[in-house]
Protein chains: 2
Amino acid sequence: MGVFSKTCEYAIRSVFFIAHRTASGNKVGIKEIANGIDSPEHFLAKILQDLSRKGIVLSAKGPNGGFYLDDVARKRPLSDVVEAVDGNSIFTGCGLGLANCSETNPCPLHHEFKAIRNQLKDLLEQTTIADFSESLNLGITKLRK
Amino acid sequence: MGVFSKTCEYAIRSVFFIAHRTASGNKVGIKEIANGIDSPEHFLAKILQDLSRKGIVLSAKGPNGGFYLDDVARKRPLSDVVEAVDGNSIFTGCGLGLANCSETNPCPLHHEFKAIRNQLKDLLEQTTIADFSESLNLGITKLRK
DNA sequence: AAAATAAAAGACAAACATATCTTTTATTTT
DNA sequence: AAAATAAAAGATATGTTTGTCTTTTATTTT
């Protein structure tokens, strides 16, 4: 089990891919995205529909349509993508799954986990979708296989 | 979705509970454990059967039987428990789910994730089951609700 | 030896995550 | 207006995780 759900992994990868491919105002279709990030096309379509409804990605129907990001969407932190798909439990939940775990009523791992969670939180909140485009442009990082 | 699977959460909580309750050579039954950590009894039974087979916990059948830990088992790092249940993907897997992600072929989040994963790895490898007994004894930490 | 106890094992069920396929709606191009 | 395009929506399927119930095996007590 990863840190994110499979759905969320596809979501992040697709958002990176869309940002990378639509930098100059164009759009990219679902088939191309699915191929570009190596994901099941129809499953990804569902995910992008959801992200579109929530305003994380933009979309246009018809010829020359597809998915894209405007400047506002590009500058959203990764945490917005994660939260849209997996909710905020990753930022707040107890490591041992206890519902009432808190500072005053902690589980044995509470404090140790807080440090790790905060580091993840900071990473996701302090980087934007756009931040990862350059290394993709340069071919230094990749989104499939 | 938590960092660990539900199964693994129950496993860790039960191992802490057993360590806490069997410090002086006695044993504790499945009903008492399930109640003590607020988990489904029969589901936990399966988990403990598995942990028993793998030598993480010890068990004895019959009257006055139950689950317990000896000194060796008490001193095992938490990483052994996690690995027995969830495997080692949590220590090695790519944050974006890419099979071939590596140092030389990284995903966009590779380096950032490595830091977080290593912190988790260190936490789990450097603490033992026994390390958490004292705060449980003192009632400072808890394993249910 | 018989009865009682408690884990081990097996079969099954429900819920959720993941994946596939088809139809509909909106938009653009001709 | 008709045809083509592409996302949106709906229905269905598969797989995995989580959870429940029953039977069996091993051990101890009487």
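We name chains A, B, ... by the order of the sequence lines, and we start the count at 1 in each one. Hydrogens, waters and symmetry mates are skipped; everything else that's a heavy atom, side chains included, is used.
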Student: For A:G62 and A:C8, take the nucleotide of DNA chain C holding the closest heavy atom to each; which residue's nucleotide lies nearer the 5' end?
Tutor: A:C8
Student: Between C:dT20, D:dT28, D:dT18, spot the one nearest the side chain of A:F43, thanks.
Tutor: C:dT20
Student: Report which part of the nucleic acid B:K31 touches: base, sugar-phosphate, or nothing (heavy-atom distance under 4.0 Å, all strands).
Tutor: nothing
Student: Could a donor-acceptor pair under 3.5 angstrom be found where the side chain of B:K6 meets the base of D:dT18?
Tutor: no
Student: Calculate the interatomic distance between A:L48 atom CG and D:dA8 atom P; express it in whole Å.
Tutor: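 From A:L48 CG to D:dA8 P: 8 Å.
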Student: Which listed nucleotide (C:dT5, C:dT20, C:dT27) is nearest to the side chain of B:P63?
Tutor: C:dT5
Student: D:dA9 base to A:Q49 side chain: any donor-acceptor pair below 3.5 Å?
Tutor: yes
Student: Rounded to the nearest angstrom, tell me the gap between atom NZ in A:K54 and atom P in D:dA8.
Tutor: 14 Å
Student: Which one, C:dA8, C:dT29, C:dC21, comes nearest to the side chain of A:N64?
Tutor: C:dT29
Student: Among C:dT28, C:dT20, C:dA8, which nucleotide has an atom closest to any side-chain atom of B:F67?
Tutor: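 Nearest nucleotide to the side chain: C:dA8.
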Student: How is B:I30 classified with respect to the nucleic acid when contacts are heavy atoms under 4.0 Å: base, sugar-phosphate, or nothing?
Tutor: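 Sugar-phosphate, no base atom in range.
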Student: Could you check whether A:A60 gets within reach of a base, just the sugar-phosphate, or nothing at all, counting any heavy atom under 4.0 Å?
Tutor: sugar-phosphate
Student: Consider the side chain of A:K61, meaning its heavy atoms from C-beta on, and name the nucleotide among D:dA7, D:dT18, C:dC21 that approaches it most closely.
Tutor: D:dA7
